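Reading through the C-alpha cells given below for one structure.
Hydrogens, waters and symmetry mates are skipped; everything else that's a heavy atom, side chains included, is used. Every value quoted in this text rests on a predicted model; they were computed, and no experiment measured them. Reminder, nothing fancy here: chain letters follow the sequence lines and each chain counts from 1.
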2 protein chains.
Amino acid sequence: MTSPGEQAACGEILHRHGLKNTPARRQVLRLLREGGVLTADDIGERLRDEGRTPDPSTLYRILDLFTARGLAERHYLPDLRKYGFSLKAAGHRHRLICVRCRRVVEIDRCPLEAFEKELRETTRFAITGHNLEWYGLCPDCQAAEARRAESPPDKSGPDGKAQ
Amino acid sequence: MTSPGEQAACGEILHRHGLKNTPARRQVLRLLREGGVLTADDIGERLRDEGRTPDPSTLYRILDLFTARGLAERHYLPDLRKYGFSLKAAGHRHRLICVRCRRVVEIDRCPLEAFEKELRETTRFAITGHNLEWYGLCPDCQAAEARRAESPPDKSGPDGKAQ
DNA sequence: TCTCTAAATGCAACTCGTTTGCATCTATTT
DNA sequence: AAATAGATGCAAACGAGTTGCATTTAGAGA
C-alpha cells in the first residue's frame, strides 16, 4: 500500500515545507494525499489498521502544523461535530460532501465572488472570508438508501454515518 | 429592561408554538428577540447579569426545543467553536457576521440557487443543503481596529478565519 | 379554586473532541 | 558520533454539550 516512491515523495514535501521528516508526519501526509476530507479520528483509525498506534495528540499537532504551514486546511464538519482536514489545493475552495460515505467533490468555481463584492459595497463590512459547503447524498448512497428503504426502521435517525 | 408587554409577547409566542410558558423559556426567547446570534453561554451570562441563575442544561434543552419547533435555528460559529442560536425568520437563510462584535446582517437573497441546480445536474448528488456564512468586520469594528493598530500586539493570533 | 400529572428544571456526573504539560526520544546539525 | 531543537507518547485537563434522576411547576381538569 505504501510504496517507497510515495514515502519519498512525502518526505520531500515535508522538507520543502521546512518540516522534519518523521514517520508520523509521512503517514499523515500520505493519507491526506489520497484525497478527501479526513478527521483526526479517521487518520488514527487507518493507521491503526496498518499496525501503527498514533497518539491523538500527535495527530492533532501534526494536522495543526500542516494547517499553519498552509499544507492542509481544516474545516468543521457540522454533521460529525469535528474537524476535517484535507490537503490544500489552490483553486479548490469549496466542496460537495456526501453525508453518508463522505465522498467529496471539489468545486473549483466559487459562485460568490460577484455577490460578495456587492455585499461589501452595500454593507461596508470588511469581509474576511466565507464558509460554503454543500451536503447531500452521492449517487451510490442514494441507491443504497433506496434499497434499504423497506429494511429495519432505523432508530438512530437518518443522519447516520457517524463513522 | 423587561417590559411587561415583551413578557406577554414571549408568552404568547410560546403558546402559539405549543410550548409551555415558563420563566426560563420566556427569558431565552426575549433575548433571542433582541436579534443577533447568541450562544448558550451568551444567554447564560446575560441572564446572570439580571440576577437569574439558569443551568446550562436547561438552556441547551430550551434552545434545542426552539430549534426543533422551528422557532429558532442553530449554526456553528467556527471562530468561537460553539453553536449560535437566533430566531428563525423566513427568507433569512444566510448571514454576514462581524467576527468582533458579532453584529449580524441578514442576507435575504441566496446567490446559490442557480449554481446549486447546475451542481445537482453535473454531480448527480441529491443535495440536501448548504452552509453559507460570511465573516468580516463591520464598519465600527474596522474603525476600532484601525484605532488600536498601534496598541498592544495581540497574543491570540489572528489565524482564525476558517476559510 | 384545588388537584393532578406530564413535563420542565436544577444538579451532578458524564461524553467526546481537542489541548496541554512533561518526560522521553529522534531527526537533523555540528 | 555527539549535541540539541523539537517531535512524540502519555496522562491529565478542558470545554461545549448531553444525560439520568429527583424535584418543582405550568396548565388541564374537576
Which nucleotide, dC11(C), dT18(D), dG17(C), lies nearest any side-chain atom of Y60(A)?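 Nearest to the side-chain atoms of Y60(A), counting from C-beta on, is dG17(C).
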
So if I take every side-chain heavy atom of I62(A) and compare against dA27(C), dG9(D), dT8(D), which nucleotide ends up nearest? dT8(D)

Using a 4.0 Å heavy-atom cut-off across all strands, classify N21(A) as base, sugar-phosphate, or nothing. sugar-phosphate

Answer with base, sugar-phosphate or nothing: what part of the nucleic acid does K82(B) contact at a heavy-atom distance below 4.0 Å? sugar-phosphate

Rounded to whole angstrom units, what separation is found between the [atom1] atom of [X] and the [atom2] atom of [N]?
X      : N       : atom1 : atom2 : result
I43(B) : dT9(C)  : CD1   : P     : 13 Å
D42(A) : dG17(C) : CG    : P     : 11 Å
R69(B) : dA8(C)  : CZ    : C1'   : 13 Å
K20(A) : dT26(C) : NZ    : P     : 12 Å
D55(B) : dG17(D) : CG    : C1'   : 12 Å
D64(B) : dA8(C)  : CG    : P     : 13 Å
L14(B) : dG27(D) : CG    : P     : 9 Å
L59(A) : dT18(C) : CG    : C1'   : 12 Å

Look for any protein N or O under 3.5 Å of an N or O in nucleotides 20-22 of chain D and output each such pair with its distance, or none.
unit_1: dG20(D); atom_1: O6; unit_2: R61(B); atom_2: NH1; d: 3.4
unit_1: dG20(D); atom_1: O6; unit_2: R61(B); atom_2: NH2; d: 3.4

side-chain contact (heavy atoms from CB on, under 4.5 Å) for V28(B) and F66(B)? Distances and angles first, verdict last. CA-CA 10 Å; V28(B) 172; F66(B) 283 6; 4.0 Å; yes

Nearest-nucleotide wise, let me know which of A24(A) and A40(B) is further upstream toward the 5' end of DNA chain D. A24(A)

Closer to the 5' end of DNA chain D via nearest nucleotide, is it P56(B) or L19(B)? P56(B)

Distance check: side-chain N/O of [X] vs OP1/OP2 of [N], anything under 4.0 Å?
X      : N       : value
R25(B) : dT9(C)  : yes
H15(B) : dA26(D) : no
T58(A) : dG9(D)  : yes
R81(B) : dT19(C) : yes

Check whether any side-chain heavy atom of [X] sits under 4.5 Å from a side-chain heavy atom of [Y], and report yes or no.
X      : Y      : result
T39(A) : Y83(A) : no
D41(A) : K82(A) : yes
H17(A) : I13(A) : yes

Would you please name every residue forming a ring pair (Phe, Tyr, Trp, His ring centres under 6.0 Å) with Y60(B), sequence neighbours left out? none

Gap between atom CG of L47(B) and atom CG of L59(B) - 0.5 Å precision: 6.5 Å

Can L19(A) and R69(A) be said to form a side-chain contact (heavy atoms from CB on, under 4.5 Å), step by step? CA-CA 9 Å; L19(A) 302 173; R69(A) 297 303 176 88; 3.4 Å; yes

Check the side chains of T22(A) and R26(A) for a donor-acceptor pair under 3.5 angstrom, ignoring hydrogens and angles. no

